[in-house]
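Please read the structure below before turning to the comments.
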Amino acid sequence: MDDKMSIMVVDDEKIVRESLFHWFKKAGHKVDTALSGFEALEKLEKNNYELMFVDIKMPGMNGIELLGKVKTDYPDTIVIIITAYGSITSAINAMKTGASDYLLKPFKPDLLSLVMQKVVQQKKMATEYNYLRDRLEKINRFENIIGQSSSMEKIFRLIPEVAQTDSSILLTGETGTGKELVAKAIHAKSQRMQKPFITINCGAIPDTLMESELFGHQKGAFTGAVQSRKGFLEVVSGGTLFLDEIGEISQKMQIDLLRVLEEKKITKIGSTDPIDVDFRLISATRRNLENEIAANTFREDFYYRINVINIHIPPLRNRKDDIPLLVDHFLEKYSQEIARKVDRVSGETLEQLKRYHWPGNVRELENAIERAVVLSKSRTLKTTDFSFLQPSPVTRSGALSLNEMERQYILEILKQYGWNITQAAKSLDINRVTLHKKIKRFKLKKDA
Amino acid sequence: MNEKTNRIGILPIGKVPEIVPQSIAAHISGCLDLPAIILPSLKNIAGCYNENRFQYDVGKTLQTLESIKFKDIDKIIGVSTVDLYIPIFAYVFGEAKQGGKAAVVSLYRLEKDTHGKKQPSSIVLERAAKVMLHELGHLYNLFHCADEHCLMHFSGGLQDLDASPLYFCRYCSKYFLDARSKS
């Protein structure tokens, strides 16, 4: 492990800053200094510091206050408190607030050396801990499916159970909830994991092509069939077939598939010889198939065949507890992928993301984080980085007047931009004067 | 090697036993193959004294040494018997500015063991040589080394200093030779 660290020395005394700066420089560390808690927080916004030496007694914001803020917003940063005004009380205070150690200046050179050894050890342990925690999460959960809400926990428990059977599974849930990921997880946990997993998006393939795609054809079976071709039902042999958007297939195809599921045999187009097939069917839909049955657009017998086990994946707005976890996951993914140091989201932004209704579910959240990471100017994502999100539809309580709708909408936008008139006016596409007039007319208040 | 530009000047500060600068010069020639000459003594560094700490400010001492012009001298090593400090540390054995022109070594804390017992001069001279060579390493822009068996490894106390060797590890040696040829 590389022992060289990125260090910030925060002290209002220039001589102390310089002494420590030169000492750490000699040890080959990357060192920066700040003369106040405010300057330190500004620098933390832009760069990552692994270790901070913070003086307790500083004007404006004292060391303990700074320590508290650092431990809240940047918990991975190790903080060592230094002071000439050492007392047991302030030492206990600092340690309780999260300081890793406490130095009373002037200290012996070997003491600083010992502290540095301890810090290196602590950093090494934290790296190991994070690595093991990630591994454990991947083992306990399922790679790429993130969630800690009770509804997701239920799904995590269900996946290994249903994976051991061969029963058909129907996954229901809105678009973007991760139905395909659940299907892949079931396949990965099943006996069929070494065999193919094939996804067919039924909504994307025209009905005329679907038959040939699924069953395959013999050479000369129809115009253009210049050679024999295996269908997906044959190719998937031994594996799992995932039919996404199953609600989109025609009634004829429903009958054909129903027969395949009952007989476990297919006949290629243009052939008379049936072929044995062995696959596990997982289907998915965002539609309410029972309504489709009632409307006679979906066959009831086929529905019961594909819906032996039903797993419903709830929309993101119903499992808001998962949002912080998902945000962390996508932030890590995209800050690595895009190679930008954006590794945190402010508390206010997280609340904004939790409030948003996420019509596109996890997929929309992922895209939103990727966009925000690409465009962000600092390492912390702020509410303004998500200004592109459409505000939640105003809750209707009976019929709202146009005036009331306008009032609620303006208030929502103002809150979204933290009452920044310029940004809110820009978002509403009106000028600032007009916005001020509307605020006055609707008697809008900041704490409303 | 250009001897003129790589000449090291040993500058005794105040009353320093004659053998100390001689030993230091011998170590510079012997260990680093650099020419070293002993300069006329500097009377004192009274302006660097801190009355509150009863110690001498090493930062001011280095500034004083850097302000003195010596002909054909590339780096200056001050040798003193006074107690030196930097504001955050209780004391220092020696100090140098990274990549700078001057360093200083103090015998004050090298003459006794951790219990305050006076040490034989052979031990004191060896300690002084180690501190001086370490600081000279910094003058040639060497950083602290993670290898405990290297002179550039940080020694915060006498025990560490006594355990430290009188030579650089092979990486620091290489770096030192490169830096010396460029200076």
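A, B, ... follow the sequence lines: proteins, then strands. Residue 1 opens every chain.
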Specify which of A:K25, A:E18, A:H22, A:H29 makes the most heavy-atom pairs with chain B at under 4.5 Å. A:K25

Quick check: are there more than 12 heavy atoms from other residues, nucleotides or ligands sitting under 6.0 Å from NZ of B:K97? no

Options A:K105, A:E13, A:K26, ranked by heavy-atom pairs under 4.5 Å with chain B, top entry: A:K26

Would you give the length of the straight line joining atom CZ of A:F21 to atom CD of B:Q98, rounded to the nearest 0.5 angstrom? 10.5 Å

Residues, nucleotides or ligands: over 12 heavy atoms within 6.0 Å of B:K174 NZ: no

Quick check on B:E66: does its CD atom have over 12 non-hydrogen neighbours (other residues, nucleotides or ligands) under 6.0 Å away? yes

Which heavy-atom pair separates B:P87 from A:P106 by the least distance, and what is that distance? O-CB, 3.8 Å

Please classify the contact of A:L112 with chain B as side chain, backbone, both or neither, using a heavy-atom distance under 4.5 Å. side chain

Take atom CD of A:E332 as the centre, draw a 6.0 Å sphere, and report whether it contains more than 12 heavy atoms from other residues, nucleotides or ligands. no

Within this structure, what is the NE2-CH2 distance for the pair B:H144 and A:W23, rounded to the nearest 0.5 Å? 6.5 Å

Taking the side chain as every heavy atom from C-beta outward, state whether B:Y91 and A:P109 have any atom pair closer than 4.5 Å. yes

With chain A, the option among B:F154, B:F89, B:F143 that has the most non-hydrogen atom pairs under 4.5 Å is B:F89

Evaluate whether atom CZ of B:F70 has more than 12 neighbouring non-hydrogen atoms of other residues, nucleotides or ligands under 6.0 angstrom away. yes

Might you confirm whether atom CD of A:E348 has over 12 heavy atoms from other residues, nucleotides or ligands at distances under 6.0 Å? no

With rounding to the nearest 0.5 angstrom, report the CD1 to CG distance, B:I88 to A:L111. 11.0 Å

Counting only heavy atoms from other residues, nucleotides and ligands, does the tally under 6.0 Å from NZ of A:K382 exceed 12? yes

A:D110 and B:G157 have their tightest heavy-atom pair at CB-N, 3.9 Å

